[in-house]
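A quick write-up on the structure given underneath.
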There are 2 protein chains.
Amino acid sequence: MNRSNGEELHPRDTAGDGISRGPGRPRSAAADEAILGAALELFAEVGYQALSMEAVAARAGVAKTTLYRRYPDKAALVAAATDRARPSVEFPDTGSMRGDMVELFRVTESALDSPMTMRIFALMVSEFAENSEFRDVYWRNFVEPRRQAFAEILERGKQRGELRGDADIDLLVDILAGSAMYQAIRPGTEPLTERMERIIDLIWTAL
Amino acid sequence: MNRSNGEELHPRDTAGDGISRGPGRPRSAAADEAILGAALELFAEVGYQALSMEAVAARAGVAKTTLYRRYPDKAALVAAATDRARPSVEFPDTGSMRGDMVELFRVTESALDSPMTMRIFALMVSEFAENSEFRDVYWRNFVEPRRQAFAEILERGKQRGELRGDADIDLLVDILAGSAMYQAIRPGTEPLTERMERIIDLIWTAL
DNA sequence: ATATCAATACGCTACGTTCGGTATTGATAA
DNA sequence: TTATCAATACCGAACGTAGCGTATTGATAT
């Protein structure tokens with residue numbers, strides 16, 4: 001799990017510009033696609049630990065060596081596969097800040113319920129303990145976009161006068177994102193959206 | 001990783017009442033102790049993944065079979081070892097609610113910085129995705145006590161009149177605990193305690 | 001009291017299996 | 001000619017199991 005990026009380690013840049021090609025047979029783009037697709041599927045199905053390189057190779061219809069030609073190890077492969085799967089985040093605009101917040105949480109809820117998102121989250125947390133660069137990929141792809149959406153909503157609210165001009169947006173985002181993550185982890189409570197609505201209302205009495 | 005408790009699976013209840021003992025040689029309490037100690041040490045040192053049963057047995061000075069006589073698999077052993085390691089949580093009482101909160105966070109910060117706590121946290125999150133009963137052990141031992149401390153502080157504040165009587169304590173605890181966890185995960189910011197102070201102050205303008 | 005018995009734990013060694021990762025080989029595409 | 005591909009064998013680490021002989025205990029028979 002303590003792995004460097006992997007892109008640097010392999011001579012052929014599969015996803016590269018494609019213009020300057022060295023000698024010899026080029027990598028198969030079809031294999032690239034099949035590998036990443038199979039890896040992502042299996043990761044979503046069984047999680048990181050139970051994902052085996054043999055299974056990925058089998059599902060992709062590719063030999064195991066073909067995997068290792070592209071990625072130095074399992075960690076790098078999974079990182080690349082999940083990296084590609086960035087879910088797009090919508091920036092809601094309902095007119096009111098509270099409405100935007102609720103809508104954003106509503107949209108996020110399904111993501112937090114999906115096993116794949118939780119698995120990525122788990123990977124991020126566990127890799128944090130190991131201080132790997134892994135964490136940065138996940139943070140950038142999965143957390144930062146949602147933080148951006150939060151910040152955007154708050155900024156608009158500020159301009160509309162719904163939020164005090166001196167409010168620390170970064171701090172507010174921390175509180176909101178932290179509460180959302182916590183609700184996702186916390187066992188057995190009321191539905192996420194409802195609870196988050198109450199959290200929003202509580203914080204907003206202090207706006 | 002999908003494992004039932006383990007206590008039920010093995011006939012001898014090592015930690016049982018000790019009064020009614022059937023025939024046969026009893027389990028060695030020294031071995032019990034050595035096993036759990038070695039497992040906890042190794043878990044803190046190398047994490048769950050890299051922890052091997054062979055290493056535990058070697059460090060405990062015990063045969064591998066002795067491990068499997070007690071615990072059905074690695075997951076159960078680690079669960080038992082970490083279960084025993086409940087860190088005690090102090091309930092601060094500085095006189096003011098804000099002071100109590102800050103003090104509690106200050107004490108908690110060192111725990112959040114230790115690799116073992118982070119590893120347990122990671123295990124909890126990843127096991128949540130797998131829906132294992134594992135998660136409940138960790139939640140009960142590591143999260144719930146701190147939630148209790150939070151709730152206690154807030155309750156005292158309520159009685160002192162520092163907090164509105166109709167404040168939803170459970171919800172407040174969620175926000176505070178969630179923010180703290182988030183800060184622990186979030187890469188590279190200011191020191192946890194300082195940031196938590198600001199979060200407390202922000203929320204408390206809405207008391 | 002003492003020997004025996006049944007039951008269980010213990011350490012040891014070995015084994016079967018899975019899986020990550022490497023090496024080799026012959027064929028194939030550019 | 002040169003690198004990729006698939007197939008296969010291989011190595012080593014690790015989980016978990018099985019069998020052996022031995023040690024320790026409670027119950028029982030003499």
Side-chain angles (χ1 to χ4, degrees), chain A residues 1-4 6 9-16 18-35 38-39 42-43 46-81, chain B residues 1-4 6 9-16 18-35 38-39 42-43 46-79:
Chain A
M1 280 272 228
N2 31 12
R3 182 76 8 250
S4 62
L9 300 179
H10 287 67
R12 289 300 178 108
D13 182 355
T14 316
I19 296 175
S20 67
R21 296 218 333 261
R25 176 178 174 178
R27 294 250 171 96
S28 156
D32 286 343
E33 178 58 33
I35 288 169
L42 281 168
F43 176 72
V46 304
Y48 179 81
Q49 160 110 272
L51 176 143
S52 80
M53 297 297 265
E54 261 107 9
V56 173
R59 183 171 296 196
V62 141
K64 210 167 46 152
T65 45
T66 303
L67 301 185
Y68 285 102
R69 223 169 270 124
R70 288 165 167 74
Y71 307 99
D73 55 26
K74 181 168 140 178
L77 169 58
V78 172
Chain B
M1 279 274 225
N2 31 13
R3 181 80 4 254
S4 62
L9 301 179
H10 289 68
R12 288 299 178 111
D13 183 355
T14 317
I19 297 174
S20 67
R21 291 214 340 258
R25 177 174 173 179
R27 292 251 173 96
S28 158
D32 286 343
E33 178 59 31
I35 289 170
L42 282 168
F43 176 71
V46 304
Y48 179 81
Q49 263 244 78
L51 176 142
S52 81
M53 298 296 266
E54 262 106 5
V56 173
R59 184 171 297 196
V62 142
K64 206 167 48 154
T65 44
T66 303
L67 301 185
Y68 285 102
R69 228 168 263 124
R70 288 165 167 74
Y71 307 99
D73 54 28
K74 183 169 138 176
L77 169 58
V78 172

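Below, chains carry the letters A, B, ... as their sequence lines are ordered, and counting in each starts from 1.
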What pairs of nitrogen or oxygen atoms, one from the protein and one from nucleotides 20-24 of chain D, lie under 3.5 Å apart?
| residue | atom | partner | partner atom | Å |
| --- | --- | --- | --- | --- |
| dT24(D) | O2 | Arg25(B) | N | 3.4 |

Could I get a table of every N or O pair under 3.5 Å where one atom is in the protein and the other is in nucleotides 28-30 of chain D?
none

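- Minimum interatomic distance between Ala50(A) and Val46(A) (heavy atoms only, all atoms of both residues): CB-O, 3.6 Å.
- Of all the heavy atoms in Ser28(B) and Ala31(B), the pair that sits closest is OG-N, 2.9 Å.
- Scored by the side chain to side chain contact (heavy atoms under 4.5 Å, CB included) test, Glu54(B) finds Ser52(B), Lys64(B) as partners (sequence neighbours excluded).
- Of all heavy-atom pairs spanning Phe43(B) and Leu51(B), the tightest one is N-CD1, 3.5 Å.
- Atom pair Leu51(B):CG and dA13(D):P shows a separation of 17 Å (rounding to whole Å applied).
- By the side-chain hydrogen bond (donor to acceptor under 3.5 Å, both in side chains) test, Lys74(B) pairs with no residue at all, sequence neighbours left out.
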Interface polar pairs with nucleotides 16-19 of chain D, N/O, under 3.5 angstrom:
| residue | atom | partner | partner atom | Å |
| --- | --- | --- | --- | --- |
| dG16(D) | OP2 | Tyr68(B) | OH | 3.2 |
| dG16(D) | OP2 | Lys74(B) | N | 3.1 |
| dG16(D) | N7 | Lys64(B) | NZ | 3.0 |
| dG16(D) | O6 | Lys64(B) | NZ | 2.9 |

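- Between dA29(C) and Arg27(A), no contact under 4.0 Å exists linking OP1 or OP2 to a side-chain N or O.
- Rounding to whole angstrom units, CZ of residue Arg70(A) and P of dA3(D) are separated by 16 Å.
- Residue Met53(B) comes nearest to Leu67(B) through the heavy atom pair O-CD1, 3.4 Å, listed as atom of the first residue, atom of the second, then distance.
- Between Leu67(A) atom CG and dC19(C) atom P there is a gap of 14 Å when expressed in whole angstrom units.
- Gln49(B) has its CD atom 13 Å from the C1' atom of dA13(D), to the nearest Å.
- Remark: Ala63(B) engages Thr65(B), Thr66(B) in a side chain to side chain contact (heavy atoms under 4.5 Å, CB included) (not counting sequence neighbours).
- For the segment residues 55-63 of chain A, the set of residues with a heavy atom within less than 4.0 Å of an atom of DNA chain D comprises Gly61(A), Val62(A), Ala63(A), in numerical order.
- Remark on DNA chain D: of its neighbouring residues Ser52(B) and Thr66(A), the 5'-side contact belongs to Thr66(A), judged by nearest-heavy-atom nucleotide.
- The side chain to side chain contact (heavy atoms under 4.5 Å, CB included) test applied to Ala60(A) returns Ala34(A), Ile35(A), Ala38(A), Val62(A), not counting sequence neighbours.
- Across every non-hydrogen atom of Tyr71(A) and Ala80(A), the tightest pair is CE2-CB, 3.6 Å.
- Using a 4.0 Å heavy-atom criterion, one finds that Leu77(A) contacts no nucleic acid atom at all.
- Side chain of Arg27(B) to backbone of Arg69(B): a donor-acceptor contact under 3.5 angstrom is found.
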